[in-house]
Amino acid sequence: MANKDHTDPARMEKIVSLCKRRGFIFQAGELYGGLNGVWDYGPLGAELKRNLKDFWWRKTVQERDDVLGMDGSILTMEQVLVSSGHVGGFSDPMSECMLSKVRLRADQVPAQNGRIYWYSGADLLGRKIDREFAVLANFPKEGRNQAEAKAFRFYFDALSPEEQEFVKKFANDNEGLKTLKPIFDREEDVVDTTRFNPANGSLLSEPRDFELMFKTNMGATGDAIAYLRPETAQSIFVQFKNVLDSNRIKLPFGIAQIGKSFRNEINPRNYIFRSREFEQMEIEYFCHPDDGLRLTDEWLETRLSFYEEIGIPREKLHINDIPDGERAFYSKKTYDIEYEFPFGVQELEGVAYRTDYDLGVHQKGAGKPLEYFDEETKQRFLPHVVEPSAGCDRTILALICEAFDEETLTDDKGKEDVRTVLRFKPALAPVKVGIFPLLKKNEEQVRIARGIQKSLQKWMTVSYDDGGAVGRRYRRQDEVGTPFCVTVDFETLGEEKPELKGTVTVRHRDSMEQERMEISALLPWLLERVR
RNA sequence: GCGGGCGUAGCUCAGUGGUAGAGCGCCACCUUGCCAAGGUGGAUGUCGUGAGUUCGAAUCUCAUCGCCCGCUCCA
């Protein structure tokens, strides 16, 4: 049952389990204990992902006149990311408040004056807790008591739950005993210190750099540094001029790219939803400044229809119109497209109007003009850009979550049975058709089934299975979302009803219904349904 | 990164200091004329990893890795 807040952890657990059991998704390096925030796609996951990327490419590049594809490098020059603002701007040293655990940007802590009370540790009934702590008080006369109370809290928080219970018991007994005593070390007056949290006077931890990009070395000596790209977008901006010059294309037009990006996320969470290595499907759509806002709305609609086409219904999507003040400073309009995952409503894609920020910074950074000259209006200007940027792995997860279904069936005897089925759209399904001989001991059935496998394999992913009863094989295919199964049976051989010779049973995943079909009609029938 | 919870077979889990288990799944054979049938047999684990305590550790201690939840972060 889903909670009010749209979360359903039990459902999510079943999905994760199925994904591993049937080979959709594995944790990277699992054999060695696992690598945090990195995932591998198994055989079926790889098929599903390829289908999604192919479908996106077809809809975005192949079926449009105004979008061209490219495939940029992952290794990225430092200068590119300096211009874009990724280097420098987004690796601020952070300090953490030792009392409240709040994290502050070290360079934004205001300078303060006052008296510092240093504690070298604490005494828990003779046992020494050896951790330094300090409190800054702005009123030296009263400061020591306040400081001591805060120090007490700091050391209390550091205790194990059992020790905390123990200390609490004594405190409540009102015996005047302090079982936990901060050990006062020294006091000093300071001017302009930035090592203390202005909110509570607590000592801050040493500033730490939070490196949000992956850096690597290049060249024989390794002196040159490069970064793994944090987004696919930058290579598009950097190659904008080359694409424009090498293709006879006019504004407005877009450049699309699918590829890996890397962010050293502080805290990867929610299965493959937020990972450190992930794949993006991005479009940078360049246009005249006057058209930016209108095109942003148009792209939002285009993208929403895309999700509908791949099987994510509109009512499960939420559009978040990011208000003024919460958008990136360069963006004039941003929509987040969010999906109701079992762990909450989370972003699938952002459609952002980025103005001319990106081309602007690269034009300045590289010192080369990136302006566009419009022959008709004789205008020269820096194009604006609308960026629909989708997370490929997130969409995969949404597809699986949306497809996952547990259907309760009741047989003739009234016995209940749960059928697990992934209701993928056929175009996305990792396997399009399962092919079975009714009985694997029947050589003729096996021969024909193998022949069907061979003829269909050129066109689509198929799965041949002769293990166990046919009903079990149907259910195995249901569980990985195969939309159709073909069974070669005794009618195929024309044993009792000669008029059925050369026909097979086609079984539908969603309805479990069956129909008979000529073997020769299979390929066109399937091709019509699996694209 | 912080706090809490957890880690035993492919999956779900039982096992609180004394010979590692169950259900499901998987493999083989038999059986099987259309929706997880049945029978027989079988494989699978350094009990996340590494140290320590102990005569003896899945079990106790420490460290480490990973997962989940809450903060935090998310260009």
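Each chain gets a letter, A, B and so on, in the order the sequences are listed, and its residues count up from 1.
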With sugar-phosphate meaning primed atoms plus P, OP1 and OP2, does [X] contact a base, only sugar-phosphate, or nothing at under 4.0 Å between heavy atoms?
X	answer
A:Asn270	sugar-phosphate
A:Phe278	nothing
A:Tyr357	nothing
A:Glu491	base

**Asked** Is a donor-acceptor contact shorter than 3.5 angstrom present between the side chain of A:Thr505 and the base of B:C34?
**Response** yes

I need the [atom1]-[atom2] distance between [X] and [N], as an integer number of Å.
X	N	atom1	atom2	answer
A:Phe273	B:C73	CZ	C1'	14 Å
A:Glu30	B:C67	CD	P	11 Å
A:Arg21	B:A36	CZ	P	17 Å
A:Met12	B:U12	CE	C1'	17 Å
A:Arg473	B:A37	CZ	C1'	14 Å
A:Lys14	B:C67	NZ	P	23 Å
A:Phe26	B:C11	CZ	C1'	13 Å

Sticking with atom [atom1], work out how far [N] lies from [M], rounded to a whole angstrom.
N	M	atom1	answer
B:G1	B:A20	P	37 Å
B:U46	B:A37	C1'	39 Å
B:G10	B:G45	C1'	12 Å
B:G17	B:U59	C1'	7 Å
B:U72	B:G25	P	45 Å
B:U8	B:G3	P	24 Å
B:C69	B:C26	P	30 Å
B:A14	B:C29	P	36 Å

Considering only side-chain heavy atoms of [X], which listed nucleotide, [options], is closest?
X	options	result
A:Ala328	B:C74, B:A75, B:C11	B:A75
A:Leu439	B:C35, B:U32, B:A75	B:U32
A:Gln514	B:C29, B:C34, B:A36	B:C34
A:Arg274	B:C73, B:C35, B:C29	B:C73
A:Lys20	B:A37, B:G10, B:C35	B:G10

Establish, with yes or no, whether the OP1 or OP2 oxygen of [N] is under 4.0 angstrom from a side-chain nitrogen or oxygen of [X].
X	N	result
A:Arg472	B:C26	yes
A:Lys441	B:C30	yes
A:Gln27	B:C67	yes
A:Asn36	B:C65	no
A:Asn264	B:C73	no
A:Arg476	B:G25	no

Scan side-chain atoms only and decide if [X] and [Y] contain a donor-acceptor pair under the 3.5 Å cut-off.
X	Y	answer
A:Gln234	A:Thr76	no
A:Tyr330	A:Asp358	no
A:Arg327	A:Thr334	no

**Request:** Give me the ring orientation class for A:Tyr474 and A:Phe436: parallel if the planes are under 30° apart, tilted from 30 to 60°, perpendicular past 60°.
**Result:** tilted

**Asked** Are A:Phe341 and A:Tyr339 near enough that their ring centres are under 6.0 Å apart?
**Response** yes

**Message:** Which is more 5' along RNA chain B, the nucleotide nearest A:Arg263 or the one nearest A:Gly37? Just name the residue.
**Reply:** A:Gly37

**Message:** By nearest heavy atom, map A:Ser17 and A:Glu495 onto RNA chain B; which one lands nearer the 5' end?
**Reply:** A:Ser17

**Prompt:** Who does B:U44 pair with, Watson-Crick or G-U, both distances under 3.5 Å?
**Reply:** none

**Prompt:** Hey, what do you get for CE (A:Met213) to CZ (A:Arg263), rounding to the nearest 0.5 Å?
**Reply:** 10.5 Å

**Message:** Could you check whether A:Arg529 makes a cation-pi contact with A:Trp525, meaning its NZ or CZ is under 6.0 Å from the centre of the six-membered ring and within 45° of the ring axis?
**Reply:** yes

